[in-house]
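What follows is a single structure, written as structure tokens, with notes after it.
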Amino acid sequence: MRRSPARDRQLADLGENIARWRKLQGMSASQLAERAFVTRDTLRSIENGAGSARMDSLLAVLSVLGIANTVISSSDPWASPAGRALMDEKIALTK
């Protein structure tokens, strides 16, 4: 697996944010893991930013926290000025 300091920091930041959401909602790690149908080790991996969790496990955790749709929509190119600019550029090239 290719790793870089920037990616390690992003994984750590995401994990910390997930842990914060869990704590804000008053859930223990065991409760969140149980509700998301993942193991406690998988949740620990996500919260520690290990980067080894499967995408469906991450999505299950985000869903239980109520933030899955926000995370998914933030990756939509149409939702960002940079993405829209690239789309406009691609469309202009095909004309």
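As the structure is a computational prediction, the values presented were derived from the model and not from experiment. Hydrogens, waters and symmetry mates play no part in the numbers below; they use all other heavy atoms, side chains included.
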Tell me, do [X] and [Y] make a side-chain contact under 4.5 Å, heavy atoms counted?
{"X": "Leu65", "Y": "Leu24", "result": "no"}
{"X": "Ile18", "Y": "Leu14", "result": "yes"}
{"X": "Asn17", "Y": "Arg20", "result": "yes"}

Measure across [X] and [Y] and return the closest heavy-atom pair with its distance rounded to 0.1 Å.
{"X": "Ser63", "Y": "Ala68", "value": "OG-CB, 3.5 Å"}
{"X": "Ser52", "Y": "Ser45", "value": "OG-OG, 2.9 Å"}
{"X": "Gln25", "Y": "Val64", "value": "OE1-O, 4.2 Å"}
{"X": "Ser73", "Y": "Ala79", "value": "O-CB, 3.5 Å"}
{"X": "Arg84", "Y": "Trp78", "value": "NH1-O, 2.8 Å"}

(message) Run the side chain to side chain contact (heavy atoms under 4.5 Å, CB included) test on Val38 and Arg54 for me, step by step, so that the C-alpha distance in whole Å, both residues' side-chain angles and the decisive distance to 0.1 Å come before the verdict.
(response) CA-CA 10 Å; Val38 299; Arg54 292 179 2 194; over 6 Å; no

(message) Regarding Glu16 and Arg9, does a basic nitrogen lie under 4.0 Å from an acidic carboxylate oxygen?
(response)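 Judged by the 4.0 Å cut-off on N to carboxylate O distance, Glu16 and Arg9 do form a salt bridge.
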
(message) Other residues, nucleotides and ligands only: do more than 12 of their heavy atoms fall within 6.0 Å of CG on Asp56?
(response)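 Atom CG in Asp56 is crowded, with more than 12 foreign heavy atoms closer than 6.0 Å.
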
(message) Walk me through whether Val61 and Thr42 qualify under side chain to side chain contact (heavy atoms under 4.5 Å, CB included).
(response) CA-CA 10 Å; Val61 168; Thr42 296; over 6 Å; no

(message) Can you tell me how far apart OG (Ser28) and CD (Glu34) are? Round to the nearest 0.5 Å.
(response)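 Answer for the OG-CD pair, Ser28 versus Glu34, is 8.5 Å.
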
(request) Can you measure from CD (Glu47) to CZ (Arg22) and round to the nearest 0.5 angstrom? (result)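 Between Glu47 CD and Arg22 CZ, I get 4.0 Å after rounding to 0.5 Å.
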
(request) Kindly say whether Ala50 contributes a backbone atom to a donor-acceptor pair with the side chain of Asn48 at under 3.5 angstrom? (result)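 A pair under 3.5 Å: no.
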
Hydrophobic cluster identity match, [X] and [Y], side-chain contacts under 4.5 Å:
{"X": "Leu11", "Y": "Ile46", "result": "no"}
{"X": "Met27", "Y": "Leu58", "result": "yes"}
{"X": "Leu62", "Y": "Trp21", "result": "yes"}

(message) Run the side chain to side chain contact (heavy atoms under 4.5 Å, CB included) test on Asp13 and Gln10 for me, step by step, so that the C-alpha distance in whole Å, both residues' side-chain angles and the decisive distance to 0.1 Å come before the verdict.
(response) CA-CA 5 Å; Asp13 289 347; Gln10 290 169 330; 5.7 Å; no

